[in-house]
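Okay, structure first, notes after.
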Amino acid sequence: MAEVMLDTKLETQTRSRIFWHKVVSQRQLIFMSFPFLIHLFIFAYSPIWGWLMAFQNYKPMKSFFEQEWVGLQQFKFLFFDEGFLRVLRNTIAMSMINMTLGFITAITLAVLLNEIKNVLFKRSVQTISYLPHFLSWIIVTGLVANCLSTENGIVNVVLMKLRLIEEPVLWLSKGEYFWWIIGFTYVWKEVGWNTIIYLAAMAAIDPALYEAAEVDGATRFQKIIHITLPGIKSTFMVLLIMAIGNTLNAGFEMQYLLGNPQVIDWSETIDIFTLKYGIQIGNYSLATAAGMFKSVVNITLLFMANHLAKRLGEERLI
Amino acid sequence: MKKVKLGDVVFNTFNTVFMLLLVIVTLYPFANTVAVSFNEGMDSLRGGIYLWPRIFTFKNYQYIFVGGTIFHAFLVSVARSVISMVLNVFFTAMLAYTLTRKEYIFRRFITMAFVLTMYFHAGMIPHYFLIKNLGLLNNFLVYVLPSIVAAFNLIVVRTYIKTIPEALIEAAKIDGASDFWVFFQVILPLSKPVLATIALFVAVGAWNSWFDTFLYCSSRQELSTLQYELMKLMSTISQANYNPALAASYAAGGEAAVQLVTPISIRAAITVVAALPIIFIYPFLQRYFVVGLNVGSVKE
């Protein structure tokens, strides 16, 4: 008995000696990485401490320990508040629309680009389609607002020329259009960029597969369905899991910049709610509760999607 | 001889037409803004400016660069973008190198700690308090300090460094090189393509951000950035787009229209100025994009 204990003790000692020996020999690697680890803990992890505010009735004038603890009251308020439920609906709706439109358009465009044989033409279209990704949301929403304007906005002009509408439509003042305007704005900005990863996956498909299909007399459409799409499936799965983990991040800037008093019931997302209650009204506890809810739901969805993909034998993220 | 199938011809034609439409839809809004930015302000209100200015003028640009405020904001934007870019590229490369060393005992731990931040955020309010407690409110450092290594960029660079032949590093180590030496003399020079890519990402990200100015620096005008100035200008005039009464008044050329003149053309000019640096640097760096941009590589 004593011998065993001595053994484990010795083992622990040796292990810790090996560990410290490694630490010393790897001191340069540690020196090159630990400052960033500390930075990460300060700027990304330490704010989690602030989540305690969600369980308080936080008043800026008092010190942390003098705050009143209210348990789950803030969360109860959120889920019985019509305003928050509407914000939650908007967030989920816009997120779903963006996700669906985003995947469909990016995969379609990637497939079509992949079918272009003229390298110069393909390269030029790609270069131009990536460009909006690099413009800020301020610029993009400004351009969108111009295009949708009733004063010679190109959308109204074209629709009137085509006799689809009688008179200019105030697109941005109609709540029922707002989600779709956000969806199309997102697609306009990101579709080209989102094709990059699919095109990379398509480039990795073995050309012999296409040649064999050619010999068997497959049409172009059949080759797309049976070779190209299966070839990008694992990429798609990884992106889908990531997108599911972002369900409550419907975007903030688009809605904030294109939203206006007329469509407020349709445009506000959780982030705008947080900004309004936290920074503008000063109800920090409620705003923190809303933000915390969002983070927790997102990370839970991410792990669930990842787990499901694992069960189904699909590509997974973590 | 290869047979040309009718179906292929039809498909190719449609595909080409579709791509041309895509190019037009992508470029038109911007081309239109350029045209408006060079058109005389009062005249722009009459509408009908599409791709070419009707009454050519430099006045809108003069206003921006002589006005002072906006030019100053432009300088702040340049400063924050350049500083962020330099720091991020150097630090990301250094950290990424340590995470490619298989013998490094903290490799997994550090990688996970960073990757987790891609999906997990403490939220706006806790962050606001952190920035406030660190004394970074209304401080230029708030533009640079909070983000010196981004997890996504880290993964991209790490994936690239992994493709550098291990033999090169081993050879240097056998010759007695330290990890510092390997990083500076072997890794940095060989990682130029991927570092150019993240330099672009970081610089564009810094150039385009306005929310940190809005949240943390809005009470100090000298810390205002170009995007934030553009945002303020947008919110003052965009109302015409959704307020029927205002829109009607503008259309009738009433008093409101006179006040609107400047903002519409000025906004167009600022939009051009805010987008130009990106449009200029982007063709030079875009050939590096695909390098390492493989999400599959997020996995260990």
Side-chain angles (χ1 to χ4, degrees), chain A residues 22 26 28-29 32-33 36-37 39-40 43-44 46-48 50-51 112 115-116 125 127-132 134-136 138-139 142-143 145-152 154 170 172-173 196-197 200 220 235 238-239 245 260 262 274-275 278-279 284 287-288 291-292 295 298-299 302 317, chain B residues 8 11 15 18-19 22-23 26-27 29-30 33 47-48 91 94-95 98 101 104-105 110 113-114 117 119-130 146 148-149 178-180 204 208 210 215 227 230-231 234 238 241-242 244 247 267 271 274-275 278 282 286 289-290 293-296 298:
Chain A
K22 276 189 178 163
Q26 296 178 355
Q28 290 193 333
L29 291 174
M32 288 159 85
S33 56
F36 308 114
L37 192 61
H39 176 274
L40 185 77
F43 283 97
S46 82
I48 296 173
W51 279 8
L112 292 178
E115 295 295 321
I116 298 177
V125 174
T127 306
I128 290 169
S129 72
Y130 299 161
L131 187 63
F134 293 97
L135 300 176
S136 71
I138 311 243
I139 294 178
L143 295 178
N146 278 346
C147 289
L148 295 177
S149 154
T150 46
E151 304 296 307
N152 295 288
I154 192 73
L170 281 161
L172 286 169
S173 69
I196 290 186
I197 191 151
R220 197 199 284 249
T235 308
V238 171
L239 291 178
N260 59 70
Q262 319 259 318
T274 309
L275 178 74
I279 308 293
Y284 297 111
T288 308
M292 183 179 161
S295 282
N298 272 342
I299 201 101
L302 179 77
L317 194 64
Chain B
D8 276 357
F11 179 87
N15 203 5
F18 176 79
M19 292 301 162
L22 178 84
V23 167
T26 308
L27 292 184
F30 196 72
T33 307
F91 290 154
M94 189 150 91
L95 181 60
T98 70
R101 301 310 307 150
Y104 186 32
I105 43 177
I110 297 177
F114 272 90
T117 62
Y119 306 101
F120 179 81
H121 306 278
M124 190 190 300
I125 307 298
H127 261 279
Y128 180 81
F129 276 90
L130 174 76
I148 54 171
V149 176
S178 65
D179 279 308
F180 284 128
V204 167
N208 281 344
W210 59 277
L215 207 52
Q227 301 284 343
L230 185 57
M231 183 255 176
M234 286 227 345
S238 63
N241 284 325
Y242 47 76
R267 181 178 75 179
T271 303
I278 287 169
Y282 153 84
Q286 74 87 22
F289 283 170
V290 187
L293 262 189
N294 197 339
V295 176
V298 170

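Every chain is numbered from 1, with letters handed out A, B, ... down the list of sequences.
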### pair A:N298-B:Y119: side-chain heavy atoms closer than 4.5 Å
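Answer no - side chains too far apart.
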### Query
Is any side-chain heavy atom of A:I279 less than 4.5 Å from a side-chain heavy atom of B:I125?
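The answer is yes; the side chains approach within 4.5 Å.
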List the atom of [X], the atom of [Y], and the distance in Å for their closest heavy-atom pair.
X	Y	answer
A:W51	B:H121	CZ2-O, 4.1 Å
B:A275	A:L135	CB-CD2, 3.7 Å
B:P29	A:L143	O-CD2, 3.6 Å
A:Q26	B:Y104	OE1-CD1, 3.3 Å
B:A122	A:P47	CB-CB, 3.6 Å
A:L40	B:T117	CD1-CG2, 3.7 Å

### Task
Return the orientation label for the B:F129 and A:Y284 ring planes: parallel under 30°, perpendicular over 60°, tilted otherwise.
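If you compare the ring of B:F129 with that of A:Y284, the planes turn out perpendicular.
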Roughly how far, to the nearest 0.5 Å, is the [atom2] atom of [Y] from the [atom1] atom of [X]?
X	Y	atom1	atom2	value
B:L130	A:S46	CG	OG	4.5 Å
A:L29	B:I110	CG	CD1	9.0 Å
B:M231	A:I139	CE	CD1	14.0 Å
B:Y128	A:L275	OH	CG	10.5 Å
B:I278	A:F134	CD1	CZ	8.5 Å

#### Entry: For chain B, the option from A:S295, A:G245, A:G291 that forms the most heavy-atom pairs under 4.5 Å
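That would be A:S295.
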### Derivation of the side-chain contact (heavy atoms from CB on, under 4.5 Å) call for B:F120 and A:I48
CA-CA 10 Å; B:F120 179 81; A:I48 296 173; 3.3 Å; yes
### Query
Can you check side-chain contact (heavy atoms from CB on, under 4.5 Å) on B:F91 and A:H39, steps first, answer last?
CA-CA 12 Å; B:F91 290 154; A:H39 176 274; over 6 Å; no
### Message
So, using side-chain contact (heavy atoms from CB on, under 4.5 Å) as the criterion, who are the partners of A:I128 when residues are at least two apart?
### Response
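A:I128 satisfies side-chain contact (heavy atoms from CB on, under 4.5 Å) with B:V23, B:T26, B:L27 once adjacent residues are dropped.
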### Task
Name all residues meeting the side-chain contact (heavy atoms from CB on, under 4.5 Å) criterion together with A:E115; count only those two or more places apart in sequence or in a different chain, and write none if there are none.
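Partners of A:E115 under the side-chain contact (heavy atoms from CB on, under 4.5 Å) test: A:K117, A:R220, A:I224, B:F11, B:N15.
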### Query
Contact part of B:I105 toward chain A, heavy-atom cut-off under 4.5 Å: side chain, backbone, both or neither?
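Looking at B:I105, backbone and side chain both touch chain A.
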### Query
At a heavy-atom separation under 4.5 Å, does B:L95 approach chain A through its side chain, its backbone, both, or neither?
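For B:L95, backbone and side chain are both near chain A.
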### Message
Looking at chain A, which one of B:I148, B:L215, B:L230 has the largest number of heavy-atom pairs inside 4.5 Å, strictly under?
### Response
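Maximum pair count with chain A is reached by B:I148.
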### Task
Please state whether the side chain, the backbone, both or neither of A:M32 comes within less than 4.5 Å of a heavy atom of chain B.
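A:M32 touches chain B through backbone and side-chain heavy atoms alike.
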